[in-house]
Amino acid sequence: ITYMGFEAFRDCSNLTSVTFSEGITNIGTKVFDNCTSLTSIVIPNTVTSIGAHAFVACSNLSSITIPESVVDVGVEAFAGTAWYNNQDYGEVYVGKVFYKYKYDTTKPSYVKITVVIKDGTVSISGQAFRDTYYYPASPLRTIYIPKSIRKIFNMETYELDGPLNHAKYVIPDLNYEKKRNKIMHY
């Protein structure tokens with residue numbers, strides 16, 4: 001098995017653990033969606049892609065080992081997991097992917113944010129800055145994108161508004177996007 005398909009184990013509320021085979025390369029969209037008894041996973045070094053909402057609502061998933069081989073992470077892949085909830089505020093990485101900017105909602109909106117994405121990061125997950133959007137005035141002001149970035153996925157227009165003038169760096173690869181969208185069931 002190299003690919004785990006769309007919603008393969010969705011709502012398996014009694015599933016407590018998963019052992020992935022070494023040959024798997026892609027964990028698809030919503031594969032483990034709402035597997036509330038799942039507590040830990042170790043993703044093998046052969047995995048390069050994790051689909052949108054792959055582990056969403058796995059509320060007890062607190063331990064995740066993610067290798068540097070992961071270069072593509074779909075939207076909200078780890079939303080609603082104990083692992084994500086336990087991450088510190090700020091930049092959250094999954095493998096070589098800038099997964100999310102976890103915004104501290106207790107900060108006043110006038111506190112402006114500068115995000116420096118670490119060198120060696122190869123992609124930015126879709127909706128990575130979404131948490132900063134739901135405020136009267138988005139606190140996000142500057143994003144430093146390293147030369148190592150090769151892909152920026154599903155960036156919403158609000159993420160590029162205002163002083164964030166880095167849209168010139170977003171060059172879509174339409175063939176890749178068509179293939180990814182088919183695999184991820186977008």
Side-chain angles (χ1 to χ4, degrees), residues 25-31 33 41 43 45-56 61 64-81 83-105 107 111-135 137-186:
T25 59
N26 186 317
I27 299 172
T29 300
K30 295 187 177 186
V31 171
D33 179 359
I41 56 167
I43 297 173
N45 289 327
T46 54
V47 173
T48 59
S49 179
I50 299 172
H53 304 103
F55 297 95
V56 74
L61 183 55
I64 303 175
T65 302
I66 304 165
E68 291 292 308
S69 61
V70 174
V71 295
D72 181 4
V73 177
V75 173
E76 302 290 334
F78 299 97
T81 65
W83 175 83
Y84 179 72
N85 294 339
N86 291 330
Q87 296 296 309
D88 291 335
Y89 292 116
E91 297 88 0
V92 178
Y93 292 89
V94 173
K96 290 186 177 181
V97 178
F98 179 86
Y99 171 63
K100 206 113 167 106
Y101 183 84
K102 188 174 179 183
Y103 182 63
D104 181 356
T105 58
K107 285 186 178 180
V111 175
K112 304 308 176 197
I113 299 169
T114 295
V115 175
V116 179
I117 298 174
K118 70 182 179 182
D119 199 27
T121 303
V122 298
S123 65
I124 299 172
S125 185
Q127 299 182 0
F129 299 99
R130 185 177 186 165
D131 290 357
T132 65
Y133 175 68
Y134 297 103
Y135 300 94
S138 175
L140 187 59
R141 287 295 171 255
T142 307
I143 302 172
Y144 291 99
I145 300 175
K147 289 181 181 181
S148 59
I149 292 288
R150 298 291 174 253
K151 298 178 182 103
I152 299 176
F153 296 102
N154 299 327
M155 296 285 283
E156 300 288 341
T157 55
Y158 58 76
E159 296 179 44
L160 301 175
D161 285 347
L164 301 178
N165 296 319
H166 67 282
K168 62 185 174 189
Y169 299 112
V170 182
I171 302 170
D173 180 343
L174 297 179
N175 290 329
Y176 174 81
E177 287 181 9
K178 286 178 186 175
K179 182 179 175 184
R180 180 192 51 119
N181 290 348
K182 184 177 179 182
I183 290 171
M184 300 297 191
H185 299 282
Y186 291 143

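Everything numeric here is computed off the predicted structure, so don't read it as measured data.
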For residues Phe98 and Ile145, determine if any side-chain heavy atom of one lies less than 4.5 Å from a side-chain heavy atom of the other.
no
Would you say Ile143 and Tyr101 make side-chain contact, with heavy atoms under 4.5 Å?
no
Distance-minimising heavy-atom pair for Ser125 and Gly74
OG-O, 3.5 Å
Look at the side chain of Ser123 and the backbone N and O of Val71, then say whether any donor-acceptor pair between them is shorter than 3.5 Å.
yes
Is there side-chain contact between Thr46 and Ser69, with at least one heavy-atom pair below 4.5 Å?
no
Check the pair Val73 / Phe78 against side chain to side chain contact (heavy atoms under 4.5 Å, CB included), numbers first and verdict last.
CA-CA 9 Å; Val73 177; Phe78 299 97; 4.3 Å; yes
Heavy-atom side-chain contact between Tyr99 and Ile66 under 4.5 Å:
no
Minimum heavy-atom distance Gly51-Ala77, with the two atoms named:
O-CB, 3.6 Å
How long is the gap from CD on Glu76 to OG1 on Thr81, to the nearest 0.5 Å?
10.5 Å
Please tell me if the side chains of Phe129 and Val115 come closer than 4.5 Å, counting only heavy atoms from C-beta onward.
yes
Just verifying a value: how many Å separate Ile149 CD1 and Asp119 CG, rounded to the nearest 0.5 Å?
9.0 Å
So with a 6.0 Å cut-off around OH of Tyr144, is the heavy-atom count from everything else above 12?
no
Of all heavy-atom pairs between Ser148 and Gly120, which one has the smallest distance, and what is that distance?
OG-N, 3.0 Å
Could you tell me which non-hydrogen atom of Gln127 sits nearest to which non-hydrogen atom of Val75, and how far apart they are?
OE1-CG1, 3.3 Å
Within the structure provided, determine whether Lys100 and Tyr84 are in side-chain contact (heavy-atom separation under 4.5 Å).
yes
Minimum-distance pair of heavy atoms, taken over all atoms of Ile124 and Ala128
CG2-CB, 3.7 Å
Side-chain contact, heavy-atom cut-off 4.5 Å: Thr48 with Asp72?
no
Main-chain N/O of Pro146 paired with Lys118 side-chain donor or acceptor, under 3.5 Å
no
d(Ile43 CD1, Ile50 CD1) to nearest 0.5 Å is 3.5 Å
Considering all heavy atoms, the nearest Ile41-Leu61 contact:
N-CD1, 4.0 Å
